[in-house]
Amino acid sequence: MPELPEVETTRRGLHPHLVGRVIVDAQIHQGFERLCLNTNVKELTHRLIGQRIIDTHRYGKYLIFSLSSGDSFVVHLRMTGALVLREPGTLTGKYERARLSLESTMNCMFETISFQDVRRFGTWNVVGDFEDGLAVNIGPDALSPNFSPDHLVSTLRRKSGTIKSALLDQSTVAGLGNIYVDEICFMAGLDPRKRSNTISKKKTKELFIAIQDTLSRALERGGASFKDYVNAHGVPGGALDHCYVYGRVGMNCYKCDNTIKKIKIVGRGTHYCPKCQRR
DNA sequence: CATCATGTTACACG
DNA sequence: GCGTGTAACATGAT
């Protein structure tokens with residue numbers, strides 16, 4: 001699923017129901033042990049069970065739950081993962097891979113967090129320091145103050161590949177994925193094949209604005225559901241219906257009425273308007 | 001049967 | 001060391 005707006009939508013949905021609650025059981029279902037990045041499933045469940053969830057965070061596409069032990073529970077949804085709140089007695093469903101059971105309370109009807117993941121790429125990890133649960137060279141989160149126009153300018157100046165690959169690279173900025181990178185390039189009027197180090201400082205600042213704008217507007221719509229994404233309450237997001245280019249191959253550009261094209265860049269389907277977006 | 005799909009990582013090659 | 005292309009991971013839809 002899940003680029004920054006989807007992960008943040010999930011976090012916001014979970015937060016009020018999780019903070020202050022105690023994890024009384026953690027189960028990784030038979031055959032899906034691969035999702036566990038700890039040395040083994042026993043260690044992971046041992047470090048989860050009995051802990052109170054103190055707070056929720058997000059860094060790029062990672063969800064982070066801080067625990068009363070001081071540990072961080074770090075979840076990545078990858079392509080098709082979703083964390084969904086469930087009421088007691090709910091069946092696991094075909095694609096549930098793991099679940100957490102929460103201590104029951106008078107004022108919350110949810111007792112389970114179900115981890116659904118069709119393609120089984122998602123990961124769970126419990127670490128002492130949350131940074132140890134993130135990719136080694138991860139860059140600043142796209143919506144944090146650490147991500148600035150100057151940071152983007154200096155990073156792109158050093159890269160000779162396409163702007164598409166630079167923006168997909170989580171070490172440039174954390175949180176963007178295939179859908180929003182296409183939208184961002186359209187908004188900034190940049191051909192996705194343009195070399196990063198040939199983009200002017202002025203254009204890079206426009207690109208920065210396009211990133212902020214695209215992400216915050218997608219967030220307002222509760223993220224985009226390409227296929228499997230649902231929020232913490234099992235509801236899909238609506239941002240895909242508002243894309244300028246993603247998923248609109250063969251349709252007319254809203255700005256110039258020309259036909260939206262689709263090509264492949266770094267192995268990813270890439271949508272753009274040949275007239276509005278320049279090299 | 002073939003192709004494509006929201007993400008990330010590993011590897012071969014130039 | 002860097003960039004690119006490709007495969008891999010596992011599954012489903014078309």
Side-chain angles (χ1 to χ4, degrees), chain A residues 1-11 28-37 58-63 74-83 93-98 115-125 133-139 141-142 155-185 192-198 214-215 218-219 221-231 236-243 245-250 262-271:
Chain A
M1 66 188 248
E3 304 179 35
L4 187 153
E6 293 75 39
V7 178
E8 178 62 13
T9 299
T10 295
R11 191 198 65 76
I28 292 178
H29 299 323
Q30 196 60 237
F32 306 123
E33 295 80 4
R34 264 196 72 242
L35 79 85
C36 167
L37 296 185
R58 181 192 52 74
Y59 192 110
K61 302 173 191 171
Y62 291 89
L63 278 166
V74 181
V75 176
H76 199 301
L77 304 169
R78 295 287 181 114
M79 297 281 262
T80 58
L83 284 173
K94 193 172 174 189
Y95 299 114
E96 182 176 292
R97 310 306 186 191
F115 183 65
Q116 314 273 142
D117 189 7
V118 173
R119 287 173 70 180
R120 300 165 55 185
F121 295 152
T123 57
W124 283 17
N125 201 359
L134 311 182
V136 184
N137 285 321
I138 199 156
D141 179 85
T155 306
L156 294 186
R157 206 173 39 201
R158 288 188 275 108
K159 292 194 176 251
S160 60
T162 61
I163 184 61
K164 169 103 183 185
S165 74
L167 293 177
L168 282 175
D169 184 347
Q170 303 296 295
S171 70
T172 304
V173 55
L176 306 184
N178 203 41
I179 295 176
Y180 296 120
V181 166
D182 283 2
E183 292 301 295
I184 288 161
C185 287
R193 293 164 295 190
K194 186 168 172 67
R195 303 276 146 187
S196 297
N197 57 10
T198 66
T214 301
L215 293 179
L219 203 42
R221 299 191 184 282
S225 294
F226 171 77
K227 209 170 192 185
D228 303 283
Y229 172 71
V230 288
N231 68 17
L240 210 59
D241 299 333
H242 298 267
C243 285
V245 289
Y246 188 86
R248 299 195 66 246
V249 59
K262 184 176 178 184
I263 56 174
K264 203 156 261 218
I265 303 179
V266 284
R268 313 304 300 273
T270 301
H271 314 70

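In what follows, chains carry the letters A, B, and so on, assigned in the order in which the sequence lines appear, proteins first and then strands, with residues in each chain numbered from 1.
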In whole Å, what is the span from the [atom1] atom of [X] to the [atom2] atom of [N]?
X       : N      : atom1 : atom2 : result
D117(A) : dA5(B) : CG    : C1'   : 14 Å
I265(A) : dT6(C) : CD1   : P     : 14 Å
Q116(A) : dT6(B) : CD    : C1'   : 17 Å
I263(A) : dG5(C) : CD1   : P     : 11 Å
W124(A) : dG7(B) : CH2   : P     : 21 Å
Y59(A)  : dG7(B) : OH    : P     : 17 Å
L168(A) : dT6(B) : CG    : C1'   : 11 Å
N178(A) : dC4(B) : CG    : P     : 13 Å

Selection from [options] that lies nearest to any side-chain heavy atom of [X]:
X       : options                 : result
K262(A) : dT6(B), dA5(B), dT8(B)  : dA5(B)
R34(A)  : dT8(B), dA5(B), dC9(C)  : dC9(C)
R119(A) : dA10(C), dC4(B), dT4(C) : dA10(C)
A135(A) : dT9(B), dA5(B), dG12(C) : dT9(B)
I179(A) : dT6(B), dT4(C), dG7(B)  : dT6(B)
V118(A) : dG7(B), dA5(B), dG12(C) : dG12(C)
K264(A) : dG12(C), dA5(B), dT8(B) : dA5(B)

Looking at [X], I'd like to know whether one of its side-chain N or O atoms comes within less than 4.0 Å of OP1 or OP2 on [N].
X       : N       : answer
Q170(A) : dT8(B)  : yes
Y62(A)  : dG7(B)  : no
Y95(A)  : dG12(C) : yes
R158(A) : dC2(C)  : no
R268(A) : dT6(B)  : yes
H76(A)  : dG7(B)  : no

Open item on the list: Is the terminal nitrogen or CZ of R97(A) (NZ for Lys, CZ for Arg) located under 6.0 angstrom from the six-membered ring centre of F32(A) and within 45° of that ring's axis?
Closed with: yes
Open item on the list: What's the gap between dT14(C) and dT6(B) when it is taken at their P atoms, as a whole Å value?
Closed with: 15 Å
Task: Pairwise C1' distance for dT3(B) and dT6(C), with rounding to whole Å - done: 16 Å
Open item on the list: I'd like to know if D182(A) and R268(A) make a salt bridge, using a cut-off of under 4.0 Å between side-chain N and carboxylate O.
Closed with: no
- [ ] Answer yes when R78(A) and D117(A) have at least one side-chain N-carboxylate O distance shorter than 4.0 Å, and no when they do not.
- [x] no
Task: dA10(C) base / R120(A) side chain donor-acceptor hit below 3.5 Å - done: no
Open item on the list: Check for me: is F121(A) stacked on dC9(C) by the 5.5 Å centroid and 30° plane-angle rule?
Closed with: yes
- [ ] Would you please say whether a donor-acceptor pair under 3.5 Å links the side chains of E3(A) and Y229(A)?
- [x] no
- [ ] Could you verify whether a donor N or O on one side chain and an acceptor N or O on the other, from K194(A) and T198(A), lie under 3.5 Å apart?
- [x] yes
Open item on the list: Do L167(A) and V181(A) make a side-chain contact, defined as non-hydrogen atoms from C-beta onward lying under 4.5 Å apart?
Closed with: yes
Open item on the list: Less than 4.5 Å apart, side chain to side chain, heavy atoms only: is that true for L176(A) and L4(A)?
Closed with: no
Applying a 4.0 Å non-hydrogen cut-off, can you work out what [X] is touching in the nucleic acid: base, sugar-phosphate, or nothing?
X       : answer
F32(A)  : nothing
S165(A) : sugar-phosphate
G122(A) : nothing
T162(A) : sugar-phosphate
Y180(A) : nothing

Open item on the list: Using heavy-atom distances to pick each residue's nearest nucleotide on DNA chain C, tell me which of S160(A) and G267(A) is more 5'.
Closed with: S160(A)
- [ ] Nearest-nucleotide wise, let me know which of L134(A) and H271(A) is further upstream toward the 5' end of DNA chain B.
- [x] H271(A)
Open item on the list: Counting only Watson-Crick pairs (N1-N3 plus N6-O4 or O6-N4) and G-U wobbles (N1-O2, O6-N3), all under 3.5 Å, who is the partner of dT6(C)?
Closed with: dA10(B)
